A.B. asks: 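Sharing a structure, written as structure tokens. Questions coming.
We're numbering straight along the sequence, starting at 1. Predicted, not measured: the structure shown is a model, and the values here were computed from it.
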Amino acid sequence: MDWTAIGKKIKEKRKDCKITQAELADRIGKTESSIRKYEKGLVAIPTDVVEKIAETLETTPYILFGRSEERFSRNAETD
């Protein structure tokens with residue numbers, strides 16, 4: 001898992017939403033320090049936290065992981 005790339009995507013989406021690290025931390029029940037570590041790719045992010053971040057940033061975990069939802073949906077239809 002490329003946590004640095006995921007962290008960059010989180011930072012990009014957070015800035016798009018005009019939310020500070022402190023605001024994101026407050027909304028998902030984490031510390032600002034944790035958000036900094038996530039955005040720098042210094043730590044693995046638990047799945048439940050990725051889901052909370054995605055919901056807060058009005059996106060999906062698939063987008064944060066750099067995957068296309070369209071590709072995921074297409075694969076689900078063929079299974």
A.B. asks: For Ala54 and Pro61, which heavy atoms make the closest approach, and how far apart are they?
C.D. replies: CB-N, 3.6 Å
A.B. asks: Output the distance between atom NZ (Lys9) and atom CG (Asp2), rounded to the nearest 0.5 Å.
C.D. replies: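 With rounding to 0.5 Å, NZ (Lys9) is 12.5 Å from CG (Asp2).
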A.B. asks: Is there side-chain contact between Ile63 and Lys13, with at least one heavy-atom pair below 4.5 Å?
C.D. replies: yes
A.B. asks: What's the spacing between Arg27 CZ and Arg14 CZ if we round to 0.5 Å?
C.D. replies: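 Those atoms lie 11.5 Å apart.
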A.B. asks: Does any non-hydrogen side-chain atom of Leu57 lie less than 4.5 Å from one of Asp16?
C.D. replies: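 No; the side chains remain at least 4.5 Å from each other.
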A.B. asks: Please test Met1 against Phe65 for side chain to side chain contact (heavy atoms under 4.5 Å, CB included), starting from the C-alpha separation and ending with a verdict.
C.D. replies: CA-CA 9 Å; Met1 191 79 35; Phe65 285 123; 3.5 Å; yes
A.B. asks: Could you point out which residue of Ile53, Ile6, Leu24, Val50 forms a side-chain contact (heavy atoms from CB on, under 4.5 Å) with Tyr38?
C.D. replies: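 Of all the options given, the one that passes is Ile53.
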A.B. asks: How close do Ile35 and Ala25 get, heavy atom to heavy atom, and via which atoms?
C.D. replies: CG1-CB, 3.6 Å
A.B. asks: Quick one: are Glu55 and Glu51 in side-chain contact, heavy atoms under 4.5 Å?
C.D. replies: no
A.B. asks: Is Tyr62 linked to Val49 within one hydrophobic cluster, defined over Ile, Leu, Val, Met, Phe, Trp and Tyr using a side-chain heavy-atom separation of less than 4.5 Å?
C.D. replies: no
A.B. asks: Does any non-hydrogen side-chain atom of Lys52 lie less than 4.5 Å from one of Lys30?
C.D. replies: no
A.B. asks: Do the side chains of Arg36 and Glu32 get close enough for a salt bridge, i.e. N-O under 4.0 angstrom?
C.D. replies: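 Between Glu32 and Arg36 there is a salt bridge, with a charged N closer than 4.0 Å to a carboxylate O.
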A.B. asks: Determine whether Ile10 and Ile45 make a side-chain contact, defined as any pair of heavy atoms from C-beta on separated by less than 4.5 Å.
C.D. replies: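 Sidechains of Ile45 and Ile10: in contact.
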